Amino acid sequence: MLTNMFKEENLIKYKSVVEKITNKIKNHDGLIRIITHNDADGLTSGAIIIKLLTRQNKKFHLSIVEQLSEDFINELGKENTINNIISKNESKGSDDHNNSNSVLYIFSDMGSGQINKILENNLNSIILDHHPTEINDIEIENILQLNPHIFKIDGSNEISASGVCYLVAREFGYYDLSVLAITGAIGDMQHLPFIGLNKFILNEGMEKQHINGILRDIIYNCYDISITDSILFSFNPYIKELKKREQIINLLNKYNIDPNKIYLDGEDKKNLEKALSSINPNYINELYVDRYIINHKVKDGHYLMELLNACGKNGNAQLGICTALGDENCIKEAKKLNYEYKLNVVEALNRLKLNHKDNFDYFFGEKGTTGLLAGLLAKDRPIMGINKDENYYKISSRGNHNLVSNGLNLTEVMKLTELFGGSGGGHSVASGGKIPIESLEEFLDWADDLIGEQLKNNM
């Protein structure tokens with residue numbers, strides 16, 4: 001049962017905020033503005049809210065952003081003021097006091113770290129987030145906030161933003177949206193393994209027959225391409241010894257695997273294990289993946305996540321939303337984009353130069369890939385990926401759960417950017433920010449000292 005996920009003192013609070021959010025959506029007659037993030041978790045979050053509002057016959061408008069910046073919130077505030085003026089003028093002399101032009105803002109996968117700015121702009125809001133909270137309460141003036149951290153639940157590995165959105169959707173009986181919640185959680189790397197509320201959502205989706213099972217399979221079988229291309233364009237796992245097509249074909253032939261075969265099973269799987277072990281036995285640990293068989297036009301949740309991630313990272317988040325919603329033409333386009341995206345990522349990996357500080361590594365990359373590359377490279381040490389954006393450097397920092405258990409907290413590290421006129425935040429295991437170009441070197445020195453302090457007593 002869902003109630004078993006919460007300690008007794010938090011259960012009443014949880015039930016209260018979910019009921020208030022549900023009623024706020026049901027009773028709102030005006031426009032609903034959805035603001036969501038552009039990664040896989042943000043896109044699935046947005047798609048869940050779109051499905052919910054469509055079924056409730058609500059008017060909505062979607063905005064997808066890379067970051068909920070102060071400037072963007074201020075723009076929403078100006079928009080809100082104009083709508084309120086229009087609403088007051090239209091209601092003069094009318095018996096209808098329903099204020100149909102008022103706007104309700106729903107922030108998904110963002111908002112909890114920007115509550116004070118949202119309050120400052122007087123935005124009537126619902127926040128559905130899993131990042132650390134600026135104000136740790138469920139109701140702040142005209143804001144309702146559903147966030148696992150309020151209930152002492154870890155938003156970095158027990159539930160993602162799409163899961164939080166699903167907790168609202170299930171109050172309407174929309175259990176089929178568990179498919180998108182699980183996909184979003186995979187996008188945030190919360191499936192290794194699913195625990196806490198994520199596991200509850202997975203189990204509920206299976207119980208309601210929207211998730212049809214879990215298949216343990218080699219990761220290369222996911223794609224509609226040959227095993228050769230699948231290995232060549234794979235960055236998870238990334239096998240640096242197999243950078244060229246000729247190298248892959250020679251290895252496959254040596255172990256009696258047809259290089260043109262699309263799906264490997266039986267003896268082929270065993271032979272592929274032997275082939276990769278001959279390069280490095282550790283590659284076997286990354287060869288297999290759990291495939292979540294879902295009721296969606298894209299049958300595999302892991303593959304759907306990759307399509308959405310490719311759309312978001314390539315600046316085509318709208319395509320990602322339509323793919324999440326199940327549009328067949330968009331799915332075809334997303335598959336093409338994913339193929340191109342993988343090629344770009346692998347090429348970036350091949351030319352990447354890693355720089356070393358005492359306690360972490362960093363590299364300079366291109367927009368759209370630095371976060372992913374940092375995540376792939378974060379093994380024994382934290383990694384920062386940096387790319388230039390006008391007068392700022394954007395930084396994506398990544399660790400892993402082993403490093404976090406030993407004291408790493410990248411949220412604190414990225415908050416250091418504020419000392420230099422930048423901004424930052426996120427999770428302990430994955431966080432981002434931006435820093436003025438002239439302050440980068442000094443920030444890296446400060447970050448090195450803080451990471452060293454965090455890890456020194458546990459490594």
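Count residues from 1 along the sequence. None of these values were measured; they are calculated from a predicted model.
- Nearest heavy-atom pair across L43 and L308 is CD1-O, 3.5 Å.
- A donor-acceptor pair under 3.5 Å is absent between the side-chain atoms of S397 and the main chain of L410, judged by distance alone.
- Of the inter-residue distances, the one linking D217 atom CG with D290 atom CG reads 10.0 Å to the nearest 0.5 angstrom.
- Side-chain atoms of S45 come within 3.5 Å of backbone atoms of S162 as a donor-acceptor pair (strictly under, hydrogens ignored).
- Within the 3.5 Å criterion, the main-chain N or O of F360 finds a donor-acceptor partner in the side chain of R381.
- Taking CZ from F6 and CZ from F151, the interatomic distance works out to 6.0 Å, rounded to the nearest 0.5 Å.
- Residues Q190 and H130 form a side-chain contact, since some pair of their non-hydrogen atoms from C-beta on lies under 4.5 Å apart.
- Residues N124 and K24 have side chains that bring a donor and an acceptor to within less than 3.5 angstrom of each other.
- Using bins of under 30°, 30° to 60° and over 60° for the plane-to-plane angle, the ring pair H191/F194 lands in the tilted bin.
- Shown here for R398 and G375, the closest heavy-atom pair between the two residues is CG-N, 3.5 Å.
- Between the CD1 atom of I140 and the OG1 atom of T133 there is a distance of 8.5 Å, given to the nearest 0.5 Å.
- In this structure, the side chain of S230 engages the main chain of Y220 through a donor-acceptor pair within 3.5 Å.
- Annotation: side chain of L440 is in contact with side chain of I395 (closest heavy-atom distance under 4.5 Å).
- Side-chain atoms of N80 come within 3.5 Å of backbone atoms of N122 as a donor-acceptor pair (strictly under, hydrogens ignored).
- By the 4.5 Å heavy-atom criterion applied to side chains, S63 and F72 are counted as neighbours.
- Judged by distance alone, with hydrogens and angles left aside, the side-chain atoms of E204 form no donor-acceptor pair with the main-chain N or O of S178 at under 3.5 Å.
- Side chains of D448 and N359: a donor-acceptor N/O pair is present below 3.5 angstrom, by distance only.
- Geometric assessment of K342 against the ring of F233 yields a negative cation-pi assignment under the 6.0 Å and 45° thresholds.
- Salt bridge status for E66 with K394: present, with a side-chain N to carboxylate O gap under 4.0 Å.
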Quiz prompt | Full working for side-chain contact (heavy atoms from CB on, under 4.5 Å) between D154 and N157 | solution = CA-CA 6 Å; D154 191 346; N157 59 17; 3.5 Å; yes

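- Put simply, the side chain of I49 does not reach to within 4.5 Å of the side chain of L62, judged on heavy atoms.
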Exercise. Check the pair I262 / I225 against side-chain contact (heavy atoms from CB on, under 4.5 Å), numbers first and verdict last.
Key: CA-CA 6 Å; I262 291 176; I225 56 178; over 6 Å; no

Practice problem: Apply salt bridge (charged side-chain N to carboxylate O under 4.0 Å, His left out) to D445 and K357, showing your working. | Solution: CA-CA 8 Å; D445 289 339; K357 302 291 282 186; 2.6 Å; yes

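- Counting only N and O atoms by type, the side chains of E241 and Y283 include a donor and acceptor under 3.5 Å apart.
- Contact check for H28 versus I25: no side-chain heavy atoms found under the 4.5 Å cut-off.
- Using a 4.5 Å cut-off on side-chain heavy atoms (C-beta onward), K59 and I32 make no contact.
- In plain terms, the two heavy atoms of S108 and G46 that are nearest each other are OG-N, 4.1 Å.
- Counting heavy atoms from C-beta on, the side chains of Y303 and T183 never come closer than 4.5 Å.
- For N400 (side chain) and N402 (main-chain N/O), a donor-acceptor pair under 3.5 Å exists by modelled atom type.
- One distance of note links CG of N38 with CG of N309; it measures 9.5 Å at 0.5 Å rounding.
- Under a 4.0 Å N-O distance rule, the pair E366/R351 qualifies as a salt bridge.
- Of all non-hydrogen atoms in A374 and F363, the two that sit nearest each other are N-CZ, 3.8 Å.
- For the atom pair CG (N344) and CG (L372), the distance works out to 11.5 Å, reported to the nearest 0.5 Å.
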Practice problem: Check step by step if side-chain contact (heavy atoms from CB on, under 4.5 Å) holds for I211 and I182. | Solution: CA-CA 9 Å; I211 300 172; I182 289 303; 3.7 Å; yes

Quiz item: Yes or no on salt bridge (charged side-chain N to carboxylate O under 4.0 Å, His left out) for K379 and E286, after CA distance, side-chain angles and deciding distance?
Solution: CA-CA 13 Å; K379 305 296 184 183; E286 301 178 82; 3.7 Å; yes

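- Salt bridge K415/E418: present, at least one basic N to carboxylate O contact under 4.0 Å.
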Practice problem: Might you work through the side chain to side chain donor-acceptor pair (under 3.5 Å) test for D176 and H210, ending with a clear yes or no? | Solution: CA-CA 6 Å; D176 60 309; H210 301 297; 5.2 Å; no

Practice problem: Would you please test I386 and T370 for side-chain contact (heavy atoms from CB on, under 4.5 Å) and show each step? | Solution: CA-CA 6 Å; I386 305 167; T370 49; over 6 Å; no

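- When each of Q145, H131, H149, E134 is checked for a side chain to side chain donor-acceptor pair (under 3.5 Å) with S112, only Q145 meets the rule.
- Counting only distance, with no hydrogens or angles, the side chain of H296 and the backbone of A324 share a donor-acceptor pair below 3.5 Å.
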Quiz prompt | Check against salt bridge (charged side-chain N to carboxylate O under 4.0 Å, His left out), D39 and K313 | solution = CA-CA 7 Å; D39 67 0; K313 297 300 183 184; 6.0 Å; no

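- A 6.0 Å sphere centred on CG of N285 holds more than 12 heavy atoms belonging to other residues, nucleotides or ligands.
- Using a 4.5 Å cut-off on side-chain heavy atoms (C-beta onward), E412 and Q454 make contact.
- A distance-only check finds a donor-acceptor pair linking the side chain of Q247 to the backbone of K243 [under 3.5 Å].
- Counting all heavy atoms, side chain and backbone alike, N10 lies closest to I150 at OD1-O, 4.1 Å.
- In this structure a side-chain-to-backbone donor-acceptor pair under 3.5 Å is present from S277 to E273.
- Listed here is the closest heavy atom pair of M110 and I127: O-CG2, 3.8 Å.
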